[in-house]
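Only one structure is covered here, and it is reproduced in the block below.
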Amino acid sequence: MPHPPSPERPPHGTDRRHEPAAVKLPFTITATDPASRARRGSILTAHGRVETPVFMDVGTHASVTNCAPVDLAAVGTQVVLANTYHLMLRPGPEAFRQLGGIHKFMGWSGPVLTDSGGYQIFSLARDRTITEEGARFKGYTDQQTRMLSPERSIEVQTAIGSDVMMVLDECVDSTSDEATTRAAMERTHRWALRSLAARTNPEQALFAIVQGGIVPALRRQSAAFLAEHPFDGFAIGGLAVGDTRAEREDLTALSAGLLPADRPRYLMGVGTPPDLLQAMLAGVDMFDCIIPTQLALQGTAFTSTGRVRLKRMQNALSEERLDDKCTCSTCKHMSRAYLHHLFKCREPLGPRLVSLHNLHYYHVLMAESRQAIESGTFSGYAKNRLEAIDRHEHSATRFGQA
């Protein structure tokens, strides 16, 4: 017999009949792909318009790895994603209050989205204890114990001054049993309502997060429950934490199809190029992932002919550009031999140049996808890109030589 979505009464006196009304985040759909659920639109935030589908650069500590704000503008960045847990510890919410918020603090005039700290509740399992109140952490900056509750998360995000805030959620490993997954989902629902009640600045949008692990019935319950409440957008969380690629694609498509069509849909923390293409086909609008800059630190670049491992000796004397089809500054001016040299010498310039290239690659992929949706050809575009990526990355010749 199916369970109701979340039967518990909301804690702390929250009454669903008296929830604060959300100020609707202006979201306009301008085109849809006739052969898939992909959609082209725009979101109007307090710091500018965001063209969707969009990839958001991860700037955990109010800094995208190896990139200055002027670099972000050059590579096509629209949104920077920062992390509430880390910024709560350093520099702290009072610093943001005194210094005028994150935009002024980091010199970035575009939109900012802040994660709530929910992923840290999952990833820092050894250093936290979860109760109904929230998650109690030992901070890595000073070893002091702190409580991250839904109310505290919203308070910190309000001080940071992000354009889009996320509710605090509880994420569990995809291999967790159904009872554990259900309990985390239901707590996520209760915390979502507390986050909604705690919001004080109507200029800051608030997104809820669908959980439910790899159990389709729980995903349906989570989406149905959250859609009843006045959130400005909805995220799909709890994926890429132990699930397979097939499970991830199926659950993304299922969840996206259950969410309101008039509000943005955000797939959290999932972000290889194939992931993005598959999720866009399912109707997802927003993405983030550390992959472009994380792989750049390791010397790996995304190119039109597959991933290139610049540390390999095949590149030591190569006069070839990183990607002949790319127009980023790295590809215009640098040879693979020079990039190989920088990584072998452990020069910081190497990861910086490849970070700029990888982010440019991602943003071009999104721009081409938006154009394909507008022209009604996205399904074919995505199919061709997916086949090319698969062909290049499993080629014993090309891939092995890079």
Q.
More than 12 heavy atoms of other residues, nucleotides or ligands under 6.0 Å from CD of E51: yes or no?
A. yes
Q.
Check this for me, if you would: do E249 and R245 make a salt bridge, where the nitrogen-to-carboxylate-oxygen distance has to be below 4.0 angstrom?
A. yes
Q. Can S304 and D323 be counted as having a side-chain donor-acceptor contact under 3.5 angstrom?
A. yes
Q) Does R39 have any salt bridge (Lys or Arg N to Asp or Glu O under 4.0 Å) partners at least two apart in sequence or in another chain, and if so, which? A) D285
Q. Taking atom types as modelled, is there a side-chain donor on Q211 or T188 under 3.5 Å from an acceptor on the other?
A. no
Tabulate below the donor-acceptor pairs under 3.5 Å that side-chain atoms of residues 237-244 make, not counting sequence neighbours, or state none.
{"unit_1": "D243", "atom_1": "OD1", "unit_2": "S174", "atom_2": "OG", "d": "2.9"}
{"unit_1": "D243", "atom_1": "OD1", "unit_2": "A240", "atom_2": "N", "d": "2.9"}
{"unit_1": "D243", "atom_1": "OD1", "unit_2": "V241", "atom_2": "N", "d": "3.1"}
{"unit_1": "D243", "atom_1": "OD2", "unit_2": "A240", "atom_2": "N", "d": "3.1"}
{"unit_1": "D243", "atom_1": "OD2", "unit_2": "R248", "atom_2": "NH1", "d": "3.1"}
{"unit_1": "T244", "atom_1": "OG1", "unit_2": "E247", "atom_2": "N", "d": "3.1"}
{"unit_1": "T244", "atom_1": "OG1", "unit_2": "E247", "atom_2": "OE1", "d": "3.4"}

Q | Point-to-point distance, once rounded to the nearest 0.5 Å, from CD of Q221 to CG of L258 | A | 11.5 Å
Q. Parallel, tilted or perpendicular for H357 and Y361, by the 30°/60° rule?
A. tilted
Q: Apply side-chain hydrogen bond (donor to acceptor under 3.5 Å, both in side chains) to H86 and list each qualifying residue two or more places apart in sequence or on a separate chain.
A: Y140
Cut-off 3.5 Å, no hydrogens considered: what does the side-chain donor-acceptor table look like for residues 343-350, sequence neighbours left out?
none

Q.
Quick check: F137 with Y85 (ring centres under 6.0 Å apart)?
A. yes
Q.
Restricting to non-hydrogen atoms, name the atom on L276 and the atom on L365 that form the minimum distance, rounded to 0.1 Å.
A. CD1-CD2, 4.3 Å
Q: Spell out, as yes or no, whether a donor-acceptor pair under 3.5 Å connects the side chain of T377 to the backbone of G380.
A: no
Q: Evaluate the salt bridge (charged side-chain N to carboxylate O under 4.0 Å, His left out) criterion for residues E387 and K383: first the C-alpha distance (whole Å), next the side-chain angles of each, then the deciding distance (0.1 Å), finally the verdict.
A: CA-CA 6 Å; E387 289 177 350; K383 180 176 182 291; 2.8 Å; yes
Q.
Would you call the rings of F378 and Y381 parallel, tilted or perpendicular, taking 30° and 60° as the class edges?
A. tilted
Q. For T145, does its backbone N or O pair with a side-chain atom of R136 as donor and acceptor, under 3.5 Å?
A. no
Q: Report yes or no: does N315 contribute a side-chain atom to a donor-acceptor pair with the main-chain N or O of A337 at less than 3.5 Å?
A: no
Q: Enter the distance from I290:CD1 to T60:OG1 here, rounded to the nearest 0.5 Å.
A: 7.5 Å
Q: List the steps and the verdict of side-chain contact (heavy atoms from CB on, under 4.5 Å) for W191 and V167.
A: CA-CA 7 Å; W191 283 2; V167 303; over 6 Å; no
Q.
Has Q157 got a side-chain atom pairing as donor or acceptor with M166's backbone, closer than 3.5 angstrom?
A. yes
Q | Under the side chain to side chain contact (heavy atoms under 4.5 Å, CB included) test, residues paired with P91 that sit two or more places apart | A | L87, A95, F96, F105
Q. Please, which pairs that meet salt bridge (charged side-chain N to carboxylate O under 4.0 Å, His left out) have at least one residue in residues 93-114, sequence neighbours excluded?
A. E94-R97, R97-E155
**Q.** Check: A253 main-chain N/O paired with R37 side-chain donor or acceptor under 3.5 Å
**A.** yes
